[in-house]
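Remarks on the structure that follows.
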Amino acid sequence: MTHSHHGHSHHHDTPKSFNRAFAVSVCLNFAFTLIQITYAFSANSMSLMADAMHNLGDVLGLALAWGANWLLTLPARKRYSYGFKRTTILAAIINALLLVATSALITYESIYKLLHLTQIDEKIVIVVAFVGILVNGGTALLFRKGAHDDLNIKGAFLHLVGDAIISFGVVVGGVLIYFSGKMWIDPLIGLLIVATILWGTWGLLRDSVNLILDAIPHYIDHHGVNKFLRMIPGVTAIHDLHIWGLSTKETALTVHLVLPERILSDEDYKQINQTLQDEFKISHATIQVEKGSEDHPCGQSGLC
């Protein structure tokens, strides 16, 4: 006879608490990006344009993350028994791909500018990029609290911090051009910004693709989980252990435990679920218990 038990615990930051942070960031950054693009054209600056494009990529990314964050709060439906949590992973992937696409564009333009140097208005570049530091730095602080627990919020936080650092680089470039008169500094900074974007995007892309493929999330100690389950009193074997991400912040586990001699009580299940939550950050555990009899072997026991 098999016995299944399901455990939940829900004591984490509510996604709702970041809705205001997202609203403020998206509106402020979008408005600032439009201003930046306008001034990049009038100043004829590639570094300012690269900064603006990076900002635009991040505004789109923030909007996607905001949407995904809102979908996390929706209840499960009949056909969507997990709700819409997976969309947070899709948002992270689309966000990363967007940044790769804008990078290709800026690379092409910067190389063109390096080969055909033109005059730029460095005073505009310095002032606009300095405002960028304030806008990005200020909005990044809104996400600092949630950046530890959620890949989606972390993505938003890192993008904004990255934007502030890049704007600082553009200010430095503008100052250098102002004092040296060397115009090639501008497209070179454009290329450096692209390198920064790609370096930052790689980790996000890798983590989110792993989550889509149901890989064990990188922060989960699966050896530890395996060992913990085998140490449960009375367990002689475990099989069919699966651990995967339900969203960018929730992890699920299913496992078959072979207990020939004893039966787990509700108290035991509560303990097991509590340990999985506290020590391994696994909030959804489904445990199937078997006697391990020879007459009725588990059809999935070879799949561990």
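Fair warning: this is a prediction, and the values are worked out from it, not measured in the lab.
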- Message: Around atom CZ of F228, are there more than 12 heavy atoms from other residues, nucleotides or ligands closer than 6.0 Å?
- Response: yes
- Would you mind reporting whether V128 and F32 have side-chain heavy atoms less than 4.5 Å apart? yes
- Value rounded to 0.5 Å, distance of CD1 in I287 from CD1 in I272: 4.5 Å
- Message: I'd like to check I177 versus D186 (side-chain heavy atoms, cut-off strictly below 4.5 Å). Are they in contact?
- Response: yes
- Quick one: do L176 and K182 satisfy side chain to side chain contact (heavy atoms under 4.5 Å, CB included)? Show the steps, please. CA-CA 8 Å; L176 287 174; K182 295 192 169 17; over 6 Å; no
- Item | Steps toward side chain to side chain contact (heavy atoms under 4.5 Å, CB included) verdict (D121, Y39) | CA-CA 10 Å; D121 187 337; Y39 278 112; over 6 Å; no
- Item | Considering all heavy atoms, the nearest I189-G169 contact | CD1-O, 3.9 Å
- Query: Atom NE2 of H222 and atom CD1 of I216: how far apart are they, to the nearest 0.5 Å?
  - Reply: 5.0 Å
- Query: For the side chain of T139 and the backbone of N136, is there at least one donor-acceptor N/O pair under 3.5 Å apart?
  - Reply: yes
- Task: Treating Ile, Leu, Val, Met, Phe, Trp and Tyr as nodes and any side-chain heavy-atom pair under 4.5 angstrom as an edge, say whether I133 and I166 lie in one connected cluster.
- Result: yes
- Item | Heavy-atom side-chain proximity of L97 to L205 below 4.5 angstrom | yes
- Any side-chain heavy atom of T107 within less than 4.5 Å of one from L191? yes
- Verify the cluster assignment for L117 and I111: are they in a single hydrophobic cluster under the rule of side-chain heavy atoms below 4.5 Å apart? yes
- Task: Establish, from distance only, whether the side-chain atoms of N226 and R230 form a donor-acceptor pair under 3.5 Å.
- Result: yes
- Item | Over all atoms of both residues, closest heavy-atom pair of D214 and G245 | OD1-O, 4.5 Å
- Message: Rounded to the nearest 0.5 Å, what separates atom CD1 in I263 from atom CG in D268?
- Response: 11.0 Å
- From CA spacing to verdict: side chain to side chain contact (heavy atoms under 4.5 Å, CB included), H54, D163: CA-CA 7 Å; H54 188 224; D163 283 349; 2.7 Å; yes
- Message: Return the CG to CZ distance between N55 and F30, rounded to the nearest 0.5 Å.
- Response: 11.5 Å
- Message: Could you check whether atom OH of Y219 has more than 12 heavy atoms from other residues, nucleotides or ligands sitting under 6.0 Å from it?
- Response: yes
- Message: I want to check something: taking the side chain as every heavy atom from C-beta on, are L64 and L90 in contact at a cut-off of under 4.5 Å?
- Response: no
- Task: Work out which heavy atom in L259 is nearest to a heavy atom in P233; give both atom names and the distance.
- Result: CD2-O, 3.9 Å
- Given side chains that start at C-beta, do those of L253 and L276 come closer than 4.5 Å, heavy atoms only? yes
- For residues P260 and G234, report the shortest heavy-atom separation together with the two atoms involved. CD-O, 3.8 Å
- Message: Could you measure the distance from the CD1 atom of I193 to the OG atom of S110? Nearest 0.5 Å is fine.
- Response: 8.0 Å
- Shortest non-hydrogen pair, H239 vs V255, comes out as O-CG2, 3.8 Å
- Flag yes if Y112 and W184 sit in one hydrophobic cluster, no otherwise; membership is Ile, Leu, Val, Met, Phe, Trp, Tyr, and two members link when side-chain heavy atoms are under 4.5 Å apart. no
- Message: How close do Q119 and N44 get, counting heavy atoms only, and between which atoms?
- Response: O-ND2, 3.1 Å
- Query: Under 4.5 Å between side-chain heavy atoms, hopping through other hydrophobics if needed: is there a path connecting I120 to F179?
  - Reply: yes
- Reported CD1-to-OG1 distance for the pair I232 and T275, which is rounded to 0.5 angstrom: 8.5 Å
- Message: Under 4.5 Å between side-chain heavy atoms, counting indirect links through other Ile/Leu/Val/Met/Phe/Trp/Tyr residues: same cluster for I185 and L192 or not?
- Response: no
- Task: Carefully, step by step, assess D240 and H242 under the rule side-chain hydrogen bond (donor to acceptor under 3.5 Å, both in side chains).
- Result: CA-CA 6 Å; D240 214 30; H242 297 284; 3.1 Å; yes
- Message: In the structure I gave you, are the side-chain heavy atoms of Q271 and E267 within less than 4.5 Å of one another anywhere?
- Response: yes
- Message: Please evaluate residues V24 and R20 with respect to the criterion side chain to side chain contact (heavy atoms under 4.5 Å, CB included), reporting the C-alpha separation (whole Å), side-chain torsions for both, the decisive distance (0.1 Å), and the verdict.
- Response: CA-CA 6 Å; V24 171; R20 185 178 293 145; 4.3 Å; yes
- L141 and R144, any side-chain heavy atoms less than 4.5 Å apart: yes
